[in-house]
Amino acid sequence: MPFEFHNLDYMRTLYILLTTIWLLLPSYAPNNFAVVFGGGKPIDLGRNFVDGSRLLGNGKTIRGFIAGGLGGLLVAHIQLIIENLLDLNIYSSLVYTSFLGIVIALAFGALIGDMVGSFIKRRLKVKRGGKIPLLDQLDFLVFALLAASLVTDFATLFTPPVIIAAFIITPLLHIITNFIAYKWGLKEVPW
Ligand code: CTP
Ligand code: MG
């Protein structure tokens with residue numbers, strides 16, 4: 001009965017999509033916390049690279065980095081509490097040290113990837129806030145996953161379907177959330 005089989009595929013796909021978003025929240029949160037709590041002294045301290053353009057630019061601040069990292073860890077721990085309340089077993093299937101290692105890597109990997117993205121943008125003479133499609137949306141994800149992949153138990157949660165889903169969902173979610181942040185006046189441009 002092909003109809004039932006289709007339904008099963010649909011449920012499985014939906015399950016993977018939702019699990020992927022859940023697993024990636026600790027890497028999505030830092031950018032949002034940085035947008036809200038960032039500002040002040042830039043990480044590059046205003047310095048230029050050898051090409052005469054800023055190293056990273058005023059969009060990457062020390063406060064944003066710290067608030068982003070702490071925000072990612074906060075969100076991850078709230079997720080752990082929610083999983084326990086709802087009897088879900090995603091992050092809570094890991095021993096705490098593995099969980100902590102993975103979410104630290106996801107949060108700080110995302111922030112570092114975002115800085116790498118800005119470094120590349122400045123080398124290409126793209127001004128702060130200027131957009132480069134896909135680079136803006138995937139720089140943080142690549143570094144978050146690379147960093148997390150070094151931690152024990154990464155592969156038990158981040159299976160190949162999850163990784164594939166991550167690269168499809170992330171640009172879409174990034175566009176939607178940045179547009180909302182722009183509408184709320186938290187960002188100067190909608191990307
Ligand atoms: N932000 C911050 N510190 C960070 C990352 C982000 O303070 N480490 C804040 C800045 O206010 C920044 C905003 O979050 O403007 C949005 O981040 P993002 O889009 O990554 O920076 P842009 O301003 O677009 O700069 P860039 O062109 O370098 O990406
Ligand atoms: Mg930007």
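Whatever order the structure lists ligands and atoms in, that order sets their numbers, starting from 1. Given the structure is predicted, the values throughout are model-derived calculations rather than measurements. In what follows, every heavy atom counts, from backbone to side chain, and hydrogens, waters and symmetry copies are set aside.
- Listed by chain and number, N31, A34, V35, G38, G39, L56, G59, K60, T61, G64, F65, D114, S118, K121, R122, K127, R128, G129, K187 each place a non-hydrogen atom less than 4.0 angstrom from ligand 1.
- For CZ of R12, the number of neighbouring non-hydrogen atoms (other residues, nucleotides, ligands) closer than 6.0 Å is 12 at most.
- Among residues two or more places apart in sequence or in another chain, the ring-ring contact (aromatic ring centres under 6.0 Å, His included) test is passed with Y182 by none.
- Residues passing the ring-ring contact (aromatic ring centres under 6.0 Å, His included) test with Y91 are F99, sequence neighbours excluded.
- N89 is linked by a side-chain hydrogen bond (donor to acceptor under 3.5 Å, both in side chains) to nothing, counting only residues two or more places apart in sequence or in another chain.
- A cation-pi arrangement, defined by a distance under 6.0 Å to the six-membered ring centre and an angle within 45 degrees of its axis, is absent between R122 and F119.
- With no hydrogens or angles considered, a side-chain donor-acceptor pair links S53 and K125 at under 3.5 Å.
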